[in-house]
Amino acid sequence: MLLCIDCGNTNTVFSVWDGDKFRCTLRTTTEHQRTADQYFVWFSTLMQHHKVPVDIDEVIISSTVPRVVFNLRVLCDHYFSCRPMVVGKPDCALPVAPRVDQGTTVGSDRLVNTVSGFDRHGGDLIIVDFGTATTFDVVDTDGAYIGGVISPGVNTSLEALHMAAAALPHVDVTKPQSAIGTNTVACMQSGIYWGYVGLVEGIVRLIRIERERPMKVIATGGLAPLFAQGTEIFDSVEDDLTMHGLVLIHRYNRERDTA
Ligand SMILES: Nc1ncnc2c1ncn2[C@@H]1O[C@H](COP(=O)(O)OP(=O)(O)O)[C@@H](O)[C@H]1O
Ligand SMILES: CC(C)(COP(=O)(O)O)[C@@H](O)C(=O)NCCC(=O)O
Ligand SMILES: [K+]
């Protein structure tokens with residue numbers, strides 16, 4: 001079976017693909033100190049819990065944190081006897097090359113989302129990913145990543161506000177009933193929630209004007225369903241977008257190898 005690993009700055013997700021469907025999806029925090037042995041104990045324990053056999057023979061990794069890739073490679077070598085495909089490395093090809101400034105390294109999560117979104121919806125897309133950063137990936141008619149927007153993530157902004165202001169507590173993001181908060185926590189939640197709704201709607205509007213054509217908007221990332229409750233801007237919310245892209249990129253490279 002194929003193990004797909006999506007390593008973001010906050011969370012690392014392992015998903016096991018049996019060639020037909022995902023059998024199991026597991027999430028842990030991203031920590032570059034975690035060793036191959038620690039990954040394996042965590043992974044094999046939860047696989048047993050979910051009654052999925054641990055027979056991994058192929059691995060594909062997307063990581064926005066370069067330092068974690070070393071230990072993930074050791075995991076593949078010691079426990080799965082394979083060499084992982086790593087998105088963004090020269091030996092991992094993409095169906096359509098990104099068109100960005102020379103020398104720019106695009107985050108591999110954004111490249112994977114682009115491949116996935118194009119497969120599901122065709123071109124002319126804006127993919128909004130609510131991760132550690134809130135990113136907007138613009139996908140051209142032919143499926144190329146052509147740039148986008150990087151904004152601070154929702155929780156990153158809340159944390160920065162709490163750190164910077166002595167009287168502001170740590171709060172969780174939720175959808176407030178109204179814009180006007182009548183206590184400190186409610187004021188902060190309104191600022192974050194309605195602020196991000198406005199940010200997303202505003203940036204999508206500007207991108208559409210620049211592109212001069214209709215563009216579908218796809219939302220993904222842990223907080224996407226929550227923000228979808230506050231705006232009509234998303235055509236679709238897909239929590240498996242990155243994992244689907246990893247399966248596609250893996251298949252694309254395997255088919256190239258055998259061609
Ligand atoms: N289901 C969820 N509900 C609420 N918050 C979530 C959920 N999933 C992730 N988050 C939060 O959203 C932020 C981004 O998480 P994630 O999408 O995993 O980021 P990354 O891909 O950058 O690691 C984190 O602060 C995380 O705690
Ligand atoms: C913008 C990001 C930090 C988002 O990562 P994430 O929130 O998924 O951890 C990541 O895609 C990244 O490090 N990008 C490199 C710069 C770029 O994509 O242009
Ligand atoms: K991400």
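For ligands, and for the atoms within them, numbers begin at 1 and follow the listed sequence.
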**Message:** One residue to check: Asn155. Relative to ligand 1, which of side chain, backbone, both or neither has a non-hydrogen atom less than 4.0 Å away?
**Reply:** side chain
Heavy-atom contacts with [X] under 4.0 Å: which atoms of ligand 2 show up? List them by number with element.
X: Gly131; answer: 7 (O)
X: Gly8; answer: 9 (O)
X: Val106; answer: 18 (O)

Nearest non-hydrogen atom to [atom] belongs to which of [options]?
atom: atom 1 (N) of ligand 1; options: Ser62, Cys7, Pro225, Gly222; result: Gly222
atom: atom 16 (C) of ligand 2; options: Thr105, Asp6, Val149; result: Thr105
atom: atom 12 (C) of ligand 2; options: Gly107, Ser108, Gly147; result: Gly107
atom: atom 11 (O) of ligand 2; options: Leu111, Asp109, Thr220, Thr10; result: Asp109
atom: atom 10 (N) of ligand 1; options: Asp172, Leu223, Leu226; result: Leu223

Backbone N/O of [Y] and side chain of [X]: donor-acceptor pair under 3.5 Å:
X: Thr64; Y: Cys7; answer: yes
X: Ser157; Y: Gly153; answer: yes
X: Tyr196; Y: Gly191; answer: no
X: Asn71; Y: Ala36; answer: no

**Item:** Name of the residue among Thr220, Thr135, Asp129 meeting side-chain hydrogen bond (donor to acceptor under 3.5 Å, both in side chains) with Asn113
**Value:** Asp129
**Request:** Would you please determine whether Ala133 falls within less than 4.0 Å of ligand 2 on a heavy-atom basis?
**Result:** yes
**Request:** Indicate the ring-plane relationship of His170 and His162, choosing parallel, tilted or perpendicular according to the 30° and 60° boundaries.
**Result:** perpendicular
**Request:** Would you please classify the geometry between the Phe130 ring and the Phe227 ring as parallel, tilted or perpendicular, with 30° and 60° separating the classes?
**Result:** parallel
May I ask you to list the atoms of ligand 1 that are less than 4.0 angstrom from any heavy atom of [X]?
X: Thr132; answer: 14 (C), 19 (O), 20 (P), 22 (O), 23 (O)
X: Arg27; answer: 18 (O)
X: Phe130; answer: 14 (C), 17 (O)
X: Gly131; answer: 14 (C), 17 (O), 19 (O), 22 (O)

**Asked** Do Arg211 and Asp140 have side-chain heavy atoms sitting under 4.5 Å apart?
**Response** yes
**Asked** Hey, is ligand 2 close enough to Thr132 that some N/O pair sits below 3.5 Å?
**Response** yes
**Request:** Output yes when the distance from some N or O of ligand 2 to some N or O of Ile150 is under 3.5 Å, and no in every other case.
**Result:** no
**Request:** Might you confirm whether atom CD1 of Ile209 has over 12 heavy atoms from other residues, nucleotides or ligands at distances under 6.0 Å?
**Result:** yes
**Message:** Here's a test for you: under side-chain contact (heavy atoms from CB on, under 4.5 Å), which of Val69, Val59, Val13 qualifies with Ile5?
**Reply:** Val59
**Item:** Region of Asn9 engaging ligand 2 - heavy atom pairs below 4.0 Å
**Value:** both
**Message:** Using a 6.0 Å distance limit plus a 45 degree cone around the ring axis, check whether Arg34 lies over the aromatic ring of Tyr39.
**Reply:** yes
